[in-house]
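What follows is a short report on a single structure.
Note that the coordinates shown come from a computational prediction; the quantities given were computed from them, not determined experimentally. In what follows, chains carry the letters A, B, and so on, assigned in the order in which the sequence lines appear, proteins first and then strands, with residues in each chain numbered from 1.
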Amino acid sequence: MDGNLFTSHLLDWYDANGRDLPWRREPNPYRVWISEIMAQQTQLDRVVGYFDRWMARYPDLQSLALAREEDVLKLWEGLGYYSRARNILKSASVLAHAHGCVFPSDPIAIRALPGVGAYTAGAVASIAFGLCEPAVDANVLRVFARLLDLDAPVAETGVRQTVERTVRALIPEDRPGDFNQALMELGALVCAKRPRCGECPVRAHCLAHARGVADSRPVLPPSRKAIRIEMATGVLVRHGRVLIQKRRPGDVWPGLWEFPGGCVEPGETPRQALAREFREEVELVVEPVEKITVVAYSYTRYRVTMHCYRCRLTGDAEPVPVFNEAAEGGFVLPAQLAEYAFPAGHRRLIEFMERDARAAGWFDAGRHD
DNA sequence: AAGCCGTGGAG
DNA sequence: TCTCCAAGGCT
């Protein structure tokens, strides 16, 4: 491959077709870092809104160093992979104490930050500091699987190393960040899962295209099957306040809030499962009295059908929840639910109840006590 | 190293 | 409806 010609074709295309993204307008290290963490396993179009809100709230490292985890998780709500947000806070602490709130330019120091792996370190080093470091993400792997017609599964570590070496040899000293971004942009817009070779600025350099096998690259590993599960969750209102609890570290969605509930076990109905979960989780005896809605959502490899019920206490005793499987919890006003970060499925339940509130009155105090 | 961590859009 | 999979990292 003629490296110089390849690079100029690619950069010319990027200059004409690269998207106008907020962190590209002002690529200081802090902004580039945040954008790259947000972009992990997330399509850029979804990142933009979160990025803008983040920068309005935490415009620099100094302001981030004072941030509270609750607020950061709320800002991150819906973006997924919440450990990224917690790792940003851990990094902020490191950057404040060990680096005096000056973002380090040394790739090794960048790579040492929590949540920063080989890709992100290379991206920040090249985009923010102009260093000739490769940034090999899924886009770049796919692009080079086609350029080089690699017949090994791209998930293999050997393939990544091959691609990193190749990229390192191609990076132009005057535009390392643009080169890396151009490779990714090409993968996102042209050399996508279904390639659009007719629009490709570097198809003359592409072995898979020359051989007519671009559609069968990259070679993918066998996929894991989705697991379907049924869950039940309950809305318990008392004196106009609704019971929620905060998930513990080590759980799925650590630090996020939810309504009590859990998996429907074999042989159980959703209502039975819900009564059992309330006993186990919060030591309250409740009865599901009314189906609110069914929310279908998915996380990682699970496909969840969540049956949502309005619950009432059986018995007259004042409820004192004991949070056996949560970090904390309590009864909060429905209007306050907006201040807590919920997993997407529970957030959709809240939105359903708010939309439906006038007709159904899910949160009406007099209806439930 | 293989499994886990979220979510929503594309096809 | 259902599968695939994103500007990955951690354990």
Does the side chain of A/Gln245 come under 3.5 Å of the side chain of A/Glu328 through a donor N or O and an acceptor N or O?
-> no

Under 4.0 angstrom between A/Trp253 side-chain N/O and B/dT7 OP1 or OP2 | yes

Phosphate OP1/OP2 of B/dT7 contacted by A/Tyr82 side-chain N/O (<4.0 Å) | yes

Should the pair A/Trp253 and A/Tyr297 be assigned to parallel (<30°), tilted (30 to 60°) or perpendicular (>60°) ring geometry?
-> tilted

Interatomic distance at P, B/dA10 relative to C/dA7, whole Å = 13 Å

Can you tell which of C/dA7, C/dG8, B/dG8 lies closest to the side chain of A/Glu185?
-> C/dA7

Span that lies between the C1' atom of C/dC5 and that of B/dC4, in whole angstrom = 16 Å

Using heavy atoms to find the nearest nucleotide of DNA chain B for A/Leu256 and A/Arg194 separately, return the residue whose nucleotide is more 5′.
-> A/Leu256

So, is A/Thr120 close to the C/dG9 phosphate, meaning a side-chain N or O under 4.0 Å from OP1 or OP2?
-> yes

Looking at B/dG6, does its base get a donor-acceptor pair with the side chain of A/Tyr299 below 3.5 Å?
-> no

Using a cut-off of less than 4.0 Å, is there contact between a side-chain N or O of A/Arg301 and OP1 or OP2 of C/dC4?
-> no

Ignoring hydrogens and angles, state whether a donor on the side chain of A/Glu258 or A/Thr233 is under 3.5 Å from an acceptor on the partner side chain.
-> no

Between A/Val102 and A/Val116, is there a shared hydrophobic cluster once you connect ILVMFWY residues whose side-chain heavy atoms come closer than 4.5 Å?
-> no

Nearest-nucleotide wise, let me know which of A/Gly187 and A/Val116 is further upstream toward the 5' end of DNA chain C.
-> A/Gly187

Specify whether A/Tyr309 and A/His307 have parallel, tilted or perpendicular ring planes, treating 30° as the upper limit for parallel and 60° as the lower limit for perpendicular.
-> parallel

Can you find a side chain N or O atom of A/Gln43 that sits less than 4.0 Å from OP1 or OP2 on C/dA6?
-> no

With rounding to whole Å, what would you report as the distance between B/dG6 and C/dT11 at their P atoms?
-> 14 Å

Candidates B/dG6, B/dG3, C/dA7 - which lies nearest the side chain of A/Val252 = B/dG6

Quick one: which of C/dA7, C/dC4, B/dC5 gets closest to the side chain of A/Tyr81?
-> B/dC5

Verify the contact: side-chain N or O of A/Arg348 to OP1 or OP2 of B/dG6, cut-off strictly under 4.0 Å; return yes or no.
-> no

Testing B/dC5, C/dG8, C/dC4 for proximity to the side chain of A/Gln40, the answer is C/dG8

B/dA1 versus C/dG8 - spacing of their C1' atoms, nearest Å = 16 Å

Could you please name the option among B/dG8, C/dA7, B/dC5 that lies closest to any side-chain atom of A/Tyr302?
-> B/dC5

Contact class for A/Arg24 vs. all strands (heavy atom < 4.0 Å): base, sugar-phosphate, or nothing?
-> base

Interatomic distance at C1', C/dA6 relative to B/dC5, whole Å | 14 Å

